[in-house]
There are 4 protein chains.
Amino acid sequence: MARGVNKVILVGNLGNDPEVKYTQGGMAITTLSLATTSVRKDKDGQQIEKTEWHRVKLFGKLGEIAGEYLKKGRQVYIEGSIRYDKFTGQDGVEKYFTDIVADEMQMLGGGGEGGGGGGGFRGSDRSSSSAPRQEAPRREAPPAKSNDFGDDFADDDIPF
Amino acid sequence: MARGVNKVILVGNLGNDPEVKYTQGGMAITTLSLATTSVRKDKDGQQIEKTEWHRVKLFGKLGEIAGEYLKKGRQVYIEGSIRYDKFTGQDGVEKYFTDIVADEMQMLGGGGEGGGGGGGFRGSDRSSSSAPRQEAPRREAPPAKSNDFGDDFADDDIPF
Amino acid sequence: MARGVNKVILVGNLGNDPEVKYTQGGMAITTLSLATTSVRKDKDGQQIEKTEWHRVKLFGKLGEIAGEYLKKGRQVYIEGSIRYDKFTGQDGVEKYFTDIVADEMQMLGGGGEGGGGGGGFRGSDRSSSSAPRQEAPRREAPPAKSNDFGDDFADDDIPF
Amino acid sequence: MARGVNKVILVGNLGNDPEVKYTQGGMAITTLSLATTSVRKDKDGQQIEKTEWHRVKLFGKLGEIAGEYLKKGRQVYIEGSIRYDKFTGQDGVEKYFTDIVADEMQMLGGGGEGGGGGGGFRGSDRSSSSAPRQEAPRREAPPAKSNDFGDDFADDDIPF
DNA sequence: TTTT
DNA sequence: TTTT
């Protein structure tokens with residue numbers, strides 16, 4: 001059930017390796033930095049390139065797969081929705097973030113280093129994968145008790 | 001020509017009447033505040049509603065039509081792309097904005113006050129409509145010489 | 001998991017009331033006839049309208065909701081995928097069908113007769129709704145034993 | 001201007017080299033056979049693959065570029081709309097075709113034989129490219145006077 | 001067959 | 001700030 005449609009479709013290249021973190025509950029939260037470049041002509045007919053860097057979040061199993069298979073430079077298809085967040089820093093200054101929350105991911109192209117061929121994945125249920133597989137995430141160990149989010153981190157209260 | 005895909009599809013309701021402004025060159029820049037609401041279930045099975053407010057920009061003829069026909073509360077379909085902007089305020093603090101730049105608009109539903117029935121419009125060329133039609137925008141008069149943007153406002157340098 | 005993207009987004013009006021049928025297992029299969037009209041200019045600058053009639057299939061709970069709330073004339077948002085089917089008739093002639101299989105539906109506009117306001121629904125699980133609710137479908141009674149599909153009808157072998 | 005939305009997004013691989021033809025007016029009409037594969041689980045939990053073969057049409061400059069750069073096996077992103085056509089054969093039997101008419105194309109992946117890296121193209125104007133470039137299409141020579149469509153072929157009357 |  |  002919903003009221004409205006909030007859909008984003010991106011095809012772009014990763015500017016960096018994925019960052020994988022875990023909630024206290026063991027759910028992966030993976031962040032991608034994804035570039036899409038568009039070209040338009042200015043009034044003089046000159047081509048102007050503009051690159052947008054999207055911050056893409058993948059949760060649960062989808063985040064684990066992204067952390068495992070994606071690499072800097074890799075081309076990827078993302079389907080998801082836009083989420084705007086406001087976060088008040090310790091200095092009292094409000095900061096705004098815009099994330100693309102991924103529902104689906106498709107690795108594109110044949111490979112490169114991050115490779116192994118393409119394939120698609122849906123983020124239909126986040127909770128079914130709360131136990132990260134041993135072999136998956138390289139960049140941060142699955143949490144034992146505490147983590148970056150502090151002890152009071154809860155699933156419905158993600159501050160970034 | 002492009003490298004990548006950056007596509008947004010929204011169906012939502014306007015939180016306010018459109019804001020129409022004009023560049024020095026006479027091009028309309030219309031801003032919509034568009035709500036999309038999604039519902040998900042938390043771990044207790046309770047429904048949680050979350051509304052995202054999108055800032056949608058429509059340029060040129062598309063902006064004129066939006067300013068003319070859309071109204072607060074009206075339901076609309078928007079297709080466009082995400083644009084992230086950074087703007088340094090006079091206090092030296094960097095501010096971040098995320099806009100949805102519309103390529104296409106469809107008025108939905110039968111109408112209401114903003115009405116006149118549905119219909120769709122493409123923003124294929126911004127320049128063909130640099131002279132705003134007399135009857136269109138109600139919220140701000142078409143510019144004679146100067147405008148809100150200051151005299152040095154240029155088409156390729158829109159700060160918001 | 002998938003290899004490739006097959007996504008369709010439609011906003012259109014129903015040409016008729018939905019048709020609801022049931023599989024032997026009790027799963028609703030609802031068919032919509034949905035019109036989308038586009039306008040282009042021919043070489044003489046004259047506007048040419050062309051209407052495409054999409055055959056949209058909604059399964060399970062999504063199909064039940066569509067059968068219950070949608071009506072002829074109603075405007076609706078559909079997200080789904082394209083499915084091509086070949087079916088050999090009893091005369092031995094092959095017939096081709098193209099369906100849009102809906103994953104998500106949003107009723108648009110304020111209502112009309114089919115009304116009751118808007119709202120969105122996802123077709124994430126078909127099976128969870130194998131028992132159609134009593135009040136829902138008007139056009140065909142939920143099946144007792146046999147149905148239009150014959151006794152050997154199976155979930156994975158839908159011939160239309 | 002339009003009434004409704006008819007949008008298709010595909011990411012798939014070409015089953016064959018593109019077929020390029022030309023209208024009498026010299027406009028390219030290129031046809032792609034594009035595979036998208038989806039995977040779902042049946043009731044026994046077994047994975048079932050299903051491949052849809054889309055017939056994609058690209059007109060004008062977009063068709064020329066597709067004919068020039070795409071090759072069998074290449075992965076491509078297509079954005080367009082669905083078009084249903086009915087054609088009565090000489091035997092009096094009606095035949096139905098479903099085409100995806102492309103508005104935009106993006107070559108994906110690093111290349112392979114059809115390669116040369118990725119890049120995106122829009123089909124904004126068909127007519128601006130009525131004179132096919134000499135080096136482009138390999139599969140059929142640009143027409144001198146007549147062509148496959150017969151002499152009475154007209155832009156608004158494409159029978160396939 | 002819808003809608004404007 | 002919308003809508004249901």
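Letters go in sequence order (proteins before strands), and every chain restarts at 1. Both backbone and side-chain heavy atoms feed into the values below; hydrogens, waters and symmetry mates do not.
Interface remark: the B:Asn13 side chain does not form any donor-acceptor pair with the F:dT3 base, using a distance-only criterion of under 3.5 Å.
For the pair C:Gln106 CD and F:dT2 P, the interatomic distance rounds to 19 Å; values are reported in whole Å. Separating the OH atom of C:Tyr77 from the P atom of F:dT4 is a distance of 19 Å, rounded to the nearest angstrom. If you take NZ of C:Lys50 and C1' of E:dT2, they are 16 Å apart, rounded to a whole angstrom. We find that CD of B:Gln75 is positioned 21 Å from P of F:dT1, with the value rounded to whole Å. Atom CG of B:Leu70 and atom C1' of F:dT1 are 15 Å apart (whole Å). Here E:dT2 presents its C1' atom at 14 Å from CD of C:Glu52, a figure rounded to the nearest Å. Atom CZ in C:Arg74 sits about 13 Å away from atom P in E:dT4, given to the nearest Å. The distance between atom CD of C:Glu19 and atom P of E:dT2, rounded to the nearest whole Å, is 15 Å.
Taking every heavy atom of both residues into account, C:Met27 and C:Phe59 meet most closely at CE-CD2, 3.8 Å.
Within the 4.0 angstrom heavy-atom criterion, no nucleotide atom of any strand lies near C:Thr36.
Residues satisfying the side-chain hydrogen bond (donor to acceptor under 3.5 Å, both in side chains) test with C:Glu94, not counting sequence neighbours, are C:Tyr96.
Using cut-offs of 30° and 60° on the angle between ring planes, the pair B:Phe87 and B:Phe97 is tilted.
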Q: Please lay out, stage by stage, how A:Lys7 and B:Lys7 fare under the test side-chain contact (heavy atoms from CB on, under 4.5 Å).
A: CA-CA 8 Å; A:Lys7 181 158 284 291; B:Lys7 179 155 288 289; over 6 Å; no
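Checked for salt-bridge contact, B:Arg40 and B:Asp42 miss the test: no charged N lies under 4.0 Å from a carboxylate O.
Of the candidates E:dT2, F:dT1, F:dT2, the closest approach to any side-chain atom of C:Lys72 belongs to E:dT2. When the nucleotides E:dT2, F:dT4, F:dT2 are ranked by their closest atom to the side chain of A:Arg3, F:dT4 comes out on top. For C:Ser33, counting side-chain heavy atoms from C-beta on, the closest listed nucleotide (F:dT1, E:dT1, F:dT3) is E:dT1.
The aromatic ring of C:Trp53 is stacked on the base of E:dT1, with the two ring centres less than 5.5 Å apart and the planes inclined by under 30°.
Both C:Glu49 and C:Leu34 lie close to DNA chain E; mapped to their nearest nucleotides by heavy-atom distance, the more 5′-ward contact belongs to C:Leu34.
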